[in-house]
Amino acid sequence: MLSRKIDRRAFLGGLAGVGIAIGTGGRLLGAGGRRLGGTPALPTDPFQLGVASGDPLPDSVVLWTRLAVDPMSPEPMPPVKVPVRWEIAADEAFGKVVRSGQRTTGPDLGHSVHVDAHGLDAAHDYFYRFRVGDYVSPTGRTRTAPGSGRLDRMTFGVTSCQSYQAGYYTAYDQMSRDDLAFVVFLGDYIYELPLGSVRSHGLPPAVSLDDFRRHYAAAHADSQLQAAHAAAPWIMTWDDHEVEDNYAGLHPGELGKARAPDEAANFPAKRAAAYRAWWENVPVRAKPPGNDGSMRIYRSFRFGDLVTLPVVDARQYRTPLATEGQGPASPPGGYSLLPAALDSNATILGKEQERWLQRTLDRSGAQWNVLAQQTQIAAVDHTPEDGSSSGYSTDTWDGYVAARNRLLGHVDKAKVKNFVTLGGDTHTSSVDDLRTDYQKDGSPVVGTEFVAPPATSPENLAQQYIDGALRNPWIHLFDTANKGYLHVDATRAQLRAEFRYVTTIQQPQAEPMAGTSWVVESGKPGAQQV
């Protein structure tokens with residue numbers, strides 16, 4: 001009998017590689033597991049992609065795994081249905097199992113498993129695992145959200161932009177050692193096109209469902225990423241590279257159109273495949289994509305009376321980029337604010353989601369209102385000295401100025417308490433004041449933005465444009481060099497954000513490296529460095 005249990009300490013120390021039996025003629029060789037309860041014989045451990053949890057509520061959490069005996073193969077599993085047992089316990093030794101059950105998965109689900117484990121205690125640590133026949137998955141640790149009462153403190157992490165090819169996930173070694181209530185992941189879990197040359201997964205650009213599944217398998221097979229998922233629940237959204245660079249709604253990006261002349265016609269099917277693969281590969285409490293390929297992922301979380309955390313989707317409902325058909329969204333130096341960027345009908349969230357977000361903020365009542373969204377909200381003019389306002393990216397909220405003004409104007413008029421936004425996408429660490437209208441002098445500061453550093457993805461912006469960004473008076477940090485994550489500690493009096501970096505992503509191991517720390521005092525929008 002072959003079984004494997006890797007506890008949290010083993011995860012945090014790094015996971016050993018697992019051998020894979022290779023088949024011929026489309027058949028897998030060997031029979032490492034016995035047939036138990038209808039379980040098909042498998043040639044080796046099917047839990048090579050690890051385990052994860054996510055979307056914590058006071059009484060439930062989503063548990064996830066995806067079976068694969070040969071993760072990078074076009075056929076990672078035999079094309080059969082597999083019964084999977086799951087357990088969640090109050091102790092790491094599983095002496096007190098509080099909930100358990102069985103799910104059947106198969107090719108139609110990419111052999112993924114999602115379990116919404118209910119009946120749990122609020123603000124409680126749990127341990128979970130899966131079984132297939134004699135095989136036992138690694139053990140993951142998760143934590144439910146606090147109840148609706150008073151909460152005085154909560155600590156969480158923020159990360160995004162983890163190009164596999166750009167580097168090793170050394171930042172996750174550091175993040176896994178933090179005692180975090182949860183991790184917010186803001187998109188670009190995979191990159192559909194090559195980005196970086198530190199290591200290769202050997203995969204072509206993703207187009208089909210099988211392509212996207214293999215890109216996720218490459219990431220999930222990484223032991224450092226597995227450790228980070230096993231250490232805490234993740235709250236996740238997507239950005240563009242889960243589908244295609246700089247896409248907007250059903251409009252492909254310029255790189256995609258340059259690669260394939262028929263990209264526009266084929267893009268709806270490509271996006272549907274990408275959304276399906278994302279759902280299969282993340283611990284999200286959401287229904288899979290519908291027949292039209294769409295999928296609702298915007299949702300909100302409440303952590304006692306301390307934090308309300310709405311999580312939005314800033315890709316699926318966008319109107320076209322202001323520069324559609326004119327070239328890259330972010331050329332060196334940027335664009336001027338084109339009429340399309342100022343159009344009152346342009347939207348980055350879509351009208352329905354905009355209304356939902358306003359209602360969520362209005363009804364919050366929490367001490368801190370923290371918006372998790374994909375990119376950068378604050379205006380960033382990389383060439384402010386030329387006086388022409390010509391240094392903007394159109395893929396950020398700078399391409400949707402009226403939509404930004406609607407959001408921040410509502411925060412101001414509704415007097416949303418202690419408004420803080422989290423961003424990613426730009427491969428930059430940034431701290432910004434949020435103003436109701438960046439085109440009007442004297443616009444009030446209504447909140448604070450923290451753009452989390454990328455886990456690995458590079459930003460090759462020339463120094464003159466980095467210096468230009470810092471000449472915007474509302475931008476206090478703009479660091480494109482360092483990789484890592486954001487550590488956030490919220491109390492009733494203040495929210496403290498620390499940029500935590502690593503010395504290298506070029507090698508599998510790295511040392512932690514302290515970045516800057518910033519504090520937002522309750523009732524005083526705008527961050528101060530400490």
Requested in this report: For residues D55 and W234, determine if any side-chain heavy atom of one lies less than 4.5 Å from a side-chain heavy atom of the other.
Outcome: no
For the side chain of [X] and the backbone of [Y], is there at least one donor-acceptor N/O pair under 3.5 Å apart?
{"X": "R214", "Y": "M72", "result": "yes"}
{"X": "N472", "Y": "D381", "result": "yes"}
{"X": "E242", "Y": "D239", "result": "yes"}
{"X": "D313", "Y": "Q316", "result": "yes"}
{"X": "S517", "Y": "E498", "result": "no"}
{"X": "E263", "Y": "A265", "result": "no"}

Mind listing the side-chain donor-acceptor pairs of residues 342-351 below 3.5 Å, one per line with the distance, residues two or more places apart or on another chain?
residue	atom	partner	partner atom	Å
D343	OD1	N345	N	2.9
T347	OG1	L349	N	3.3
T347	OG1	G350	N	2.7
T347	OG1	E354	OE2	3.1

Query raised in the report: Can the ring centroids of Y191 and Y164 be said to lie less than 6.0 angstrom from one another?
Result: no
Query raised in the report: Strictly under 6.0 Å, is that where the ring centroids of F478 and H382 end up?
Result: yes
Query raised in the report: Y501: what forms a ring pair (Phe, Tyr, Trp, His ring centres under 6.0 Å) with it, not counting sequence neighbours?
Result: none
Report task. Check whether the side chains of T375 and D425 place a donor and an acceptor atom closer than 3.5 Å, and report yes or no. Result -> yes
